[in-house]
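Bear in mind the structure is a predicted one, so any value in this text is a computation, not a measurement. The residues of the chain are indexed from 1 along the displayed sequence. Atoms within a ligand are numbered from 1 in the order they appear, just like the ligands themselves.
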Amino acid sequence: SKGYFTYDPGFMATASCDSKITYIDGGAGVLLHRGYPIDQLAEHSDYLETCYLLLNGELPSKEQKDEFVDTITHHTMVHENISRFFRGFRSDAHPMSIMCGAVGALASFYHDSLDITDEQHRKVSAHRLIAKMPTLAAMCYKHHIGQPFMYPRNDLSYSENFLHMMFGTPCDEPKVNPVLARAMDKIFLLHADHEQNASTSTVRLAGSSGANPFACIAAGIATLWGPAHGGANEAVLTMLEEIGSVDRIDEFVARAKDKNDPFRLMGFGHRVYKNFDPRAKVMKESCDEVLAELGLENDPLLAIAKRLEEIALEDEYFIEKKLYPNVDFYSGIIMKAIGIPTDMFTVIFATGRTVGWIAHWHEMISNPYKIGRPRQLYTGYASRDYQPLDKR
Ligand code: SDX
């Protein structure tokens, strides 16, 4: 057995669960990307530099970083036919449904020319996906609000560009707020990778069949959408708005502890972290900074979130069950403060996580692998004879 669970060595050899990318110690609340602690990367690095690290295994030199940023910047535009693809969706379609379709559709633009056995082709597809996700994400929002799609600009950073494509219009010059852009970059960075969670395992399994990387990432997006996984940040805001005021917190905490009540505190708990999620700590600091910048320190949802966290950390049920705030608990408050609608939160998560999915896909496909074939424990009927209709 390895790590936190045992698995059939045959399965391990097929989907190659070994990895050098990210290490998590759930008990100690440790998260390392290629050996670098997440809090140090969040403080000193930026999202594209962390992308380079996850993909290549080492921090880039200045020249390597400049070349990588330039490559990503010059691949941020999407094929013009993609915009026509968007017009086929209802304006009220959930943006994650559009992202599943749009990212999968990217395969139709590159599939025939892509040879995933060629390292250069694998690198190009990785760069295209990282570069185009913010453009597609912003297009989901513009489609929803009926505004024209914004083209990316090559004179803006990755996160400045995303906010420009989200909130800019052709009628005015780009307005860049460095504090908000830094917060956005930190959100992308904190979501970049998280070992072999549900969506990353889906990408690896899909990739083990030799499927096109765009299709594999679309499968990861579909998995992330669930409220138990990436959909939690949207569910956190919905929960805080349902709680509505600090004096109703006890009622909802009681519900979360009631086994007969399906209600769970969204943004709390984790399959691996049985101590604090190190990303949540960084996210909370960033949340305070953004709300102060926007003069929203007294945001009522933040007051509920902070009080809920205090109560949960003192409550013996949550202590016994080792339920601490996870990465999704504060990210939604920051995104709401920036002006991002709740149904776009998981799209932002998917945008940040694309590099992690791609890094794991690339790691698996660059080494000898077989198609993944998880085995089951059969609990159905033993063999039995067919019964004709008149005998049933
Ligand atoms: C992400 O895997 C990853 O790395 C994921 C992720 C990533 O970066 O990819 O980190 C991102 O998905 C974070 C998690 C976001 N989800 C939520 O915030 C949704 C709310 N959380 C729960 O649904 C839950 O905590 C899970 C799904 C995250 C974990 O579910 P588990 O594996 O059932 O949790 P557990 O085994 O740790 O639960 C222990 C106990 C259980 O009770 P018992 O069966 O032991 O009696 O705690 C209970 C659970 O019922 N419990 C909760 C709870 N989470 C777990 N009770 C109330 N509220 C909660 N939030």
Would you call the rings of F68 and H127 parallel, tilted or perpendicular if under 30° counts as parallel and over 60° as perpendicular? perpendicular
Checking the side chain of S286 only, and the main-chain atoms of V282 only, is there a donor and an acceptor separated by less than 3.5 Å? no
Ligand 1 to [X] polar contact by distance, N or O atoms, under 3.5 Å:
X	result
L323	no
F263	no
M266	no

Given ring-ring contact (aromatic ring centres under 6.0 Å, His included), test Y273 with H194 step by step and report yes or no. CA-CA 11 Å; Y273 289 123; H194 209 242; 5.2 Å; yes
Examine the proximity of ligand 1 to [X] and report which part, side chain or backbone, both or neither, has a heavy atom under 4.0 Å away.
X	value
R353	side chain
K257	neither
Y317	side chain
R255	neither

Residue-ligand contact V272/ligand 1, heavy atom below 4.0 Å: no
Identity of the nearest option to [atom], non-hydrogen atoms only, from [options]:
atom	options	value
atom 17 (C) of ligand 1	G26, A232, A235	A232
atom 3 (C) of ligand 1	E195, H270, H191	H270
atom 26 (C) of ligand 1	R264, R279, K274	R264
atom 20 (C) of ligand 1	F252, Y324, F268	F268
atom 42 (O) of ligand 1	R271, K259, H194, Q196	K259

Once salt bridge (Lys or Arg N to Asp or Glu O under 4.0 Å) is applied, do any residues pair with K284, and if so which ones, sequence neighbours excluded? E309
Mark whether atom 38 (O) of ligand 1 lies under 4.0 angstrom from at least one protein heavy atom. no
Residues R34, D193: salt bridge by 4.0 Å N-O rule: no
Any Lys/Arg nitrogen of R248 or E242 sitting under 4.0 Å from an Asp/Glu carboxylate oxygen of the other? no
Considering only the protein, which heavy-atom contact is closest to atom 57 (C) of ligand 1, and what is its distance? A256 O, 3.6 Å
Which residue and atom name correspond to the protein heavy atom nearest atom 13 (C) of ligand 1, and how close is it? D328 OD2, 3.4 Å
Of Q196, E195, M364, which meets side chain to side chain contact (heavy atoms under 4.5 Å, CB included) against S19? Q196
Close-contact set for ligand 1 against A228 heavy atoms, below 4.0 Å: 12 (O), 14 (C), 15 (C), 16 (N), 27 (C)
What are the atoms of ligand 1, with element, lying closer than 4.0 Å to any heavy atom of G267? 17 (C), 18 (O)
What distance separates L189 CG from S45 OG, expressed to the nearest 0.5 Å? 6.0 Å
